Amino acid sequence: MEDEINRSSRFSQAAKTRGIFTSVNTISGIPSGLFIAGLLGSIAVYFLFKSFFVAICVGAAYFILMYSIHKDDVRALKIWLACFRDKTLVWEAGRSKRINLIFTDKEDV
């Protein structure tokens, strides 16, 4: 009985320790770092093109895309990027077959 209680308390302590790293600050459903990056990017577009309309359009497109990615899972973008960087993705797809091209003159055919 005591061993079971010790195991339970170790598990709850481990869960609390891991729980610290699972919290994510969000602003309107988008992680705060990406939200600030979107604002800074929109400001940069404004200074680059000197057009308020272009900055609003680029910002709106960015925020709509980021919201659609993160509406169900806050860590979705990190998961997508990890999948794209994964080297086994190339391995699972297999190697492309080498195609031998032979160029001949029209007379040889």
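Excluded from the calculations below are hydrogen atoms, water molecules and symmetry mates; all remaining heavy atoms, backbone and side chain alike, are included. Numbering starts at 1 and runs along the sequence shown. Note that the structure is predicted; figures quoted are calculated from it, not measured.
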message: Taking atom CG as the centre, does Asp73 end up with more than 12 heavy-atom neighbours from other residues, nucleotides or ligands that are less than 6.0 angstrom away?
response: yes
According to a 4.5 Å side-chain heavy-atom criterion applied to Ile, Leu, Val, Met, Phe, Trp and Tyr, with indirect links allowed, do [X] and [Y] form part of one hydrophobic cluster?
X: Ile56; Y: Ile43; answer: yes
X: Tyr62; Y: Leu77; answer: yes
X: Tyr46; Y: Val58; answer: no
X: Leu40; Y: Phe47; answer: no

What distance do [X] atom [atom1] and [Y] atom [atom2] have between them, rounded to the nearest 0.5 Å?
X: Phe49; Y: Cys57; atom1: CZ; atom2: SG; answer: 11.5 Å
X: Phe35; Y: Ile30; atom1: CZ; atom2: CD1; answer: 6.5 Å
X: Ile36; Y: Asn25; atom1: CD1; atom2: CG; answer: 11.0 Å

- request: Indicate the atoms forming the closest heavy-atom contact of Gly59 with Ser42, along with that distance.
  value: CA-OG, 3.2 Å
query: Closest approach of Ser32 and Ile27, non-hydrogen atoms and distance?
result: CB-CD1, 4.0 Å
task: Let me see the working for Ser68 and Leu65 under side chain to side chain contact (heavy atoms under 4.5 Å, CB included), right down to the final yes or no.
output: CA-CA 5 Å; Ser68 65; Leu65 178 67; 4.3 Å; yes
message: Quick one, His70 with Leu34, criterion side chain to side chain contact (heavy atoms under 4.5 Å, CB included). Give me CA distance, side-chain angles, the key distance, then yes/no.
response: CA-CA 11 Å; His70 293 98; Leu34 292 173; 3.5 Å; yes
message: Less than 4.5 Å apart, side chain to side chain, heavy atoms only: is that true for Pro31 and Val74?
response: yes
- request: Walk me through it: do Leu39 and Phe63 pass the test side chain to side chain contact (heavy atoms under 4.5 Å, CB included)?
  value: CA-CA 9 Å; Leu39 288 177; Phe63 286 114; 4.2 Å; yes
